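I have placed the structure first, in the form of structure tokens, so that the comments after it can refer back to it.
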Amino acid sequence: MGILERIHGAADVKALDCAELDQLCAEIRQHLISVVSRNGGHLASNLGIVELTVALFNVYDPMRDRILYDVGHQCYVHKLLSGRLEEFDTLRQHGGISGFPKPEESDADAFVAGHASSSVSTALGMAHARTLTGADHDVVAVLGDGSLTGGLAYEGLNSLGQSKEPIVIILNDNGIAISDTVGGVARYLNRERLKPAYYRIKKLYRKAMLRLPGGKRFFRFTQGMKNRLKSAIFHCSMFEDMGLRYMGPVDGHNVKQLSYMLKLAREYREPVLLHVVTKKGKGYKPAEETPNRYHGVAPFDPDVGVVPSNRETFSSVFGDTLCALAEKDERICAITAAMEEGTGLLRFHERFPDRFFDEGISEGHCASMCGGMAKQGLKPVFAVYSTFLQRSYDMLIQDVAMQKLPVVLAVDRAGLVGSDGETHNGVFDVGFLRQVPGMAIWCPSSFAELRRMLPAALTANCPAAVRYPRGGEGEYRDCHLEAVAVLRQGKDVTLLGYGILINELLQAADILAGQGIQAQVLKLSRIDTVDVAGLAGSIPADSALIVAEDCVESGSVGEYIAAHLKTHRVRLLNLGRNGFVRQGSIRQQWESCGIDAASIAKKAAEA
Ligand SMILES: Cc1ncc(C[n+]2csc(CCOP(=O)(O)OP(=O)(O)O)c2C)c(N)n1
């Protein structure tokens, strides 16, 4: 029996000696590689945070103290140490444990996470609650240097410094977000990392002073001088200027040293930022060498490593199409919020480095920046996952739509996204984009349609979005650009949809045909406006209309049609008010929401 199997919580970690702690870290790494290579998931970030998590359990107790992980994708080690070793095999699977913190899974998970840069604010909220209720526990937030590029983190830090609430913010600095961390923050941290082993010297000094008679008073006196000297020598730390005590940098792969620093940070009883330097992918060579490739992985053979896939996806088709368009029009620029690879922009970056902008985790800023670019005559294309676009809502209205600026949103991962689950599903954009005045929204159902709709969006001369799903196309490979395309004729019932769900509608029509029911299938190209009168004319009298969508009902196309189409019975198949669909394969998620072919056929037969 290994050490990991004996660990059920913080008390078990605290009982280990140094050698056992090292052994525990080695076992955790092995287990991470074994499970993540089978199930897929966030490997490199978790390999990098092994010692830090063990040290956190060595000092704190997550059942009592509140430990927050920013984004939360690096919480696997935390789950392994907090009594979920047995369930860990089901990581990210349908019905299994989540790849993100989930308080419903365990009291050790302090808060749901999934989107970046919010942990400082959450920590401060919890600390305020602690003060006001007189509770007694520690609050700790762990955030990466990538997440520190997000403006929300600074809003939190700014308030935290002022609040004087005792909170330890751990900056897990590995120099990498998914790609390299960008901008001034990255340069700043690079400089901080080079500072001498200041805290070792300080510890020796303190020890020596406390041994001398009257040393304690002298030590306190020299603290003030030291602080002034330190900022003079090290210039002033940005964090100290914000009112936090800055500690570090400290080696993030040394449990003993980390534990010592965590205890010291806790003792200060004030806002502390502990700068910890880690190596992303630590302990698995391929991940150390190419951490971006191992940030989020599909299942792979650990002996071989991740083999980059050449499979075409909507993201890659978007990237290739944008390159072709940018070749002919030098006003076209590509913007990403730290998602260069995921959004298919690697080739664009290589081919047009001057017109490629990775702005860090800053979706709101990206939208406003696109507004500025468009106002001055450029053609910005902001490629962003639907779920993260939620961060840009105000900027889309204020800095884009109000001036009718021709900004193009390439909305990737629209709809249900699979094993990342609730925090990452793109199920709100249909509603919120349809609300933005003047926004044109295209929904390609195939690669061929995406290739035609992207240039259409770029020449529309208005705010525009092209919304496409995660992964590849289905059986439908045609290209129909008309507002309402009749993909199949049928007099008994009409099935209407757009985007990737067209495949389910066509399959549902096949199932219905097997039952002697003739279903008509209609496909929309755009969803910003729907010609209801025209639609009424193309639906046989007395037949029902079924509208299937992979989004919440509020603000959906079906909801609009149902409200305005008085001539026919309308039945809506969507997520209803359930915006939070649990993890699974995308197909399992469709099934659970009743928007897969079999469910659609069943509902159509009933109708
Ligand atoms: C608002 C938002 N935008 C984008 C992402 C996608 N994303 C997930 S992790 C990550 C990088 C985080 O980097 P860092 O905080 O340094 O953590 P590391 O994985 O390097 O430990 C990004 C961009 C997100 N989760 N939330």
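Nothing here was measured: the structure is a model prediction, and the numbers come from that model. Computed from heavy atoms alone, side chains included, the values below leave out hydrogens, waters and symmetry copies. The chain is numbered in sequence order, starting from 1. In listed order, ligands and their atoms are each counted from 1.
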Listed by chain and number, what are the side-chain contact (heavy atoms from CB on, under 4.5 Å) partners of A465, not counting sequence neighbours?
L409, V411, L433, M439, I441
When the aromatic ring centroids of F300 and Y294 are compared, is their separation below 6.0 Å?
yes
Side chain to side chain, W442 and R467, heavy atoms closer than 4.5 Å
no
If you define the side chain from C-beta out and look only at heavy atoms, does anything of Y385 sit under 4.5 Å from H424?
no
Let me have the donor-acceptor pairs involving side chains of residues 281-288, under 3.5 Å, with sequence neighbours excluded, atom names and distances please.
from, atom 1, to, atom 2, distance (Å)
Y284, OH, P302, O, 2.7
K285, NZ, E289, OE2, 3.2
E288, OE2, G283, N, 2.7

List the residues meeting salt bridge (Lys or Arg N to Asp or Glu O under 4.0 Å) with D412, not counting sequence neighbours, and say none if there are none.
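D412 satisfies salt bridge (Lys or Arg N to Asp or Glu O under 4.0 Å) with no residue once adjacent residues are dropped.
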Taking any residue with a non-hydrogen atom under 4.0 angstrom from an atom of ligand 1, which ones do you get?
S45, V71, H73, G114, H115, A116, G144, D145, G146, S147, N174, I176, A177, I178, K280, H295, A338, M339, I361, E363, F388, R391
